[in-house]
Novice: 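Quick one: the structure is below, and I'll ask about it shortly.
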There are 2 protein chains.
Amino acid sequence: MRMSEGVEWGLHCCLALAWIGDDRPVPTARLAELFDLPQAYLNKRLQALVRAGILSSVAGARGGFLLARPPEKITFLDVVTAVEGPEDPFRCTEIRQRGAGAEAPARDFRLPCGIATAMRRAELAWRRELAAQTLAHMIEVTPETAAVRIRRHYERLSR
Amino acid sequence: MRMSEGVEWGLHCCLALAWIGDDRPVPTARLAELFDLPQAYLNKRLQALVRAGILSSVAGARGGFLLARPPEKITFLDVVTAVEGPEDPFRCTEIRQRGAGAEAPARDFRLPCGIATAMRRAELAWRRELAAQTLAHMIEVTPETAAVRIRRHYERLSR
DNA sequence: GGTTCCGTACTCGGATAGTTGTTGTCCGAGTAATGAGGG
DNA sequence: CCCTCATTACTCGGACAACAACTATCCGAGTACGGAACC
């Protein structure tokens, strides 16, 4: 199980957008330079955040991306779900109903599979923690030097 | 992010081994028949559980697999880690140190990346839930009919 | 001088290849049962 | 009758392909700016 690196990119880009705090949209090229990422692929990833309503995009010259909501309203869970998709990591394929269980009466499977339930409970705890982390909270706990550095670099690139 | 289906297979097979409760090893062919799984590939997956010390294998004729520990000592986390590997789903590549952060002094990165820390916290909650679920607990909450069915089917196959 | 229009540069968005990881299959090494042969 | 030993069938374990997902790249649609031409 490996999480797509688009999650890391998305979170850092959202945080950078919050730090920059500009009304004007920030194009992909600037964001890519901030973290030395491949521009075209980053753009593709950010599209997922736009579809999820986390970012808003502006097309054309002077276009780019903006946070669609204030940082307090953007959670890690939002970003992870947007990039990775809404599906559960563990997918129950009901193998209990195959083989030995193939000819069992249907009422034996009324209750959901206990293994799937346990996995789901764990994933719920994971999601709960992710939902508790907002971008605003991240801004609080991060040293100001990082924010200043991003802003400096961004202004230098915008000149 | 998608969890390997080997996790589901491993958990169901461990549970079946616990239900069967035989001193003699159970070969892959029997386990594969219990859930209608591809035998060769299941064997490959069970090897991971052996390497992790969850199962013990017996080679040769009348060989097969056995639980290496009592069901109370086998957690979901053990199985997941054995199959999926010990790496964290989220992998921090320290992109904060690239691009804008490339020329920053090293002391700015003394503290671990806040984003990585938050992701790790969520994964810790996930692991905590997985570690709390033992095979023995799964036996308790599962209807007896399932256990009986597995045993019946296994004895019929062993004839 | 002000206004309109056109050309240009720029940016997002989706369609198109390359690479890594997961799934699936096969054959060899090793082991226990089995049956024959000899004592 | 009992013991020894070679044969046989069986099972795990790792090496070898097929497939899917992720990563990376390119080009087209659309937009705002800038400048020239005209009133």
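These numbers were taken from a predicted model, which means no experiment stands behind them. Computed over heavy atoms, backbone and side chain alike; hydrogens, waters and symmetry mates excluded.
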Novice: Can I get a per-line list of side-chain donor-acceptor pairs under 3.5 Å for residues 141-148 of chain A, giving both atom names and the distance, sequence neighbours left out?
Specialist:
| unit_1 | atom_1 | unit_2 | atom_2 | d |
| --- | --- | --- | --- | --- |
| A/T142 | OG1 | A/M138 | O | 2.6 |
| A/E144 | OE2 | A/R151 | NH2 | 3.1 |

Novice: Looking at B/E33 and B/R30, is there a salt bridge between them, counting it only when a charged N and a carboxylate O are closer than 4.0 Å?
Specialist: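 So B/R30 pairs with B/E33 through a salt bridge.
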Novice: Could you tell me whether the side chains of A/T81 and A/R127 share a donor-acceptor contact shorter than 3.5 Å?
Specialist: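 A/R127 and A/T81 do not have a side-chain donor-acceptor pair below 3.5 Å.
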Novice: Closest-nucleotide mapping onto DNA chain D: is B/K44 or B/Q39 further toward the 5' terminus? I mean the 5' end.
Specialist: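 Counting from the 5' end, the first nearest nucleotide belongs to B/Q39.
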Novice: Could you tell me which residues satisfy ring-ring contact (aromatic ring centres under 6.0 Å, His included) with B/F76, sequence neighbours excluded, listed by chain and number?
Specialist: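 Applying ring-ring contact (aromatic ring centres under 6.0 Å, His included) to B/F76 gives none.
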Novice: Please tell me which of the listed nucleotides, C/dG13, C/dA15, D/dA21, lies nearest to the side chain of B/R2?
Specialist: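 Of all the options, the side chain of B/R2 is nearest to D/dA21.
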Novice: Side chain of A/D22, backbone of A/R24: donor and acceptor closer than 3.5 Å?
Specialist: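 Answer holds: yes.
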Novice: Under 4.0 Å from OP1 or OP2 of D/dT25: is there any side-chain N or O of A/Y41 that close?
Specialist: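 Negative; the distance criterion is not met.
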Novice: Specify the separation, in whole Å, of atom CG of B/L46 and atom P of C/dG24.
Specialist: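 B/L46 atom CG is separated from C/dG24 atom P by 14 Å.
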Novice: For D/dC12, does either OP1 or OP2 sit under 4.0 Å from a side-chain N or O belonging to B/Q47?
Specialist: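 Checking D/dC12 against B/Q47, no side-chain N or O comes under 4.0 Å of OP1 or OP2.
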Novice: How many Å lie between CZ on B/F90 and C1' on D/dC22, as a whole number?
Specialist: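 Atom-to-atom, B/F90 to D/dC22, this comes out as 17 Å.
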Novice: What integer distance in Å separates B/L66:CG from D/dC12:P?
Specialist: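 One finds 10 Å between P of D/dC12 and CG of B/L66, rounded.
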Novice: Please tabulate, for the side chains in residues 102-117 of chain A, all donor-acceptor contacts under 3.5 angstrom to protein atoms that are two or more places apart in sequence or on a different chain.
Specialist:
| unit_1 | atom_1 | unit_2 | atom_2 | d |
| --- | --- | --- | --- | --- |
| A/D108 | OD2 | B/R149 | NH1 | 2.7 |
| A/T117 | OG1 | A/C113 | O | 2.9 |

Novice: For B/H153, check ring-ring contact (aromatic ring centres under 6.0 Å, His included) against everything at least two apart and list the hits.
Specialist: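 B/H153 satisfies ring-ring contact (aromatic ring centres under 6.0 Å, His included) with no residue once adjacent residues are dropped.
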Novice: For B/R45 and D/dC12, give me the distance from atom CZ to atom C1', rounded to whole Å.
Specialist: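 So the two atoms are 17 Å apart, to the nearest Å.
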Novice: Looking at A/R96 and A/E94, does any basic side-chain N land under 4.0 Å from a carboxylate oxygen?
Specialist: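 So A/R96 pairs with A/E94 through a salt bridge.
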Novice: To the nearest angstrom, how far is B/N43 atom CG from C/dT23 atom C1'?
Specialist: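 One finds 15 Å between C1' of C/dT23 and CG of B/N43, rounded.
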Novice: Using a cut-off of strictly less than 4.0 Å between a heavy atom of the residue and any atom of DNA chain D, enumerate the qualifying residues of residues 4-31 of chain A by number.
Specialist: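 Output list: A/S4, A/E5, A/W9.
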Novice: Near DNA chain C, which residues from residues 51-62 of chain B have a heavy atom under 4.0 Å away?
Specialist: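 Under 4.0 Å from DNA chain C: B/A59, B/G60, B/A61.
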Novice: Quick check: does any side chain N or O of A/T75 sit under 3.5 Å from a backbone N or O of A/D78, one acting as donor and the other as acceptor?
Specialist: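 Answer holds: yes.
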